[in-house]
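Side chains are part of it too, since the values below use all heavy atoms of this structure and drop only hydrogens, waters and symmetry mates. In this text the structure is predicted, and so the values were computed from the model without any measurement.
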Amino acid sequence: MRRGFDTEYFVKYATGELSESHRRALRSLIQEDGLGVANGLVV
């Protein structure tokens with residue numbers, strides 16, 4: 001599965017404002033051999 005992540009996603013993830021279901025999207029990439037996409041400026 002391919003998922004895209006933007007700057008706001010990572011800011012909310014780092015500050016704890018992201019819901020658990022949205023946190024699972026990033027964790028699922030590790031478990032499912034998925035593809036995560038983010039702009040170089042985001043990283």
Look only at the side chain of Arg3 and the backbone of Leu26, and say whether a donor-acceptor pair between them is shorter than 3.5 Å.
-> no

By side-chain hydrogen bond (donor to acceptor under 3.5 Å, both in side chains), Thr15 pairs with (sequence neighbours left out) Glu17

If you look at every heavy atom in Tyr9 and Arg23, which pair is closest and at what distance?
-> OH-CA, 3.9 Å

Which atoms form the tightest heavy-atom contact between Ala38 and Phe10, and what is the distance?
-> CB-CE1, 4.3 Å

Residues forming a side-chain hydrogen bond (donor to acceptor under 3.5 Å, both in side chains) with Arg24, sequence neighbours excluded = none

Side-chain cluster (under 4.5 Å, hydrophobic types only) that Leu35 belongs to, other residues | Val37

Contact summary for Ala25 and Ser28, nearest pair of heavy atoms | O-OG, 2.8 Å

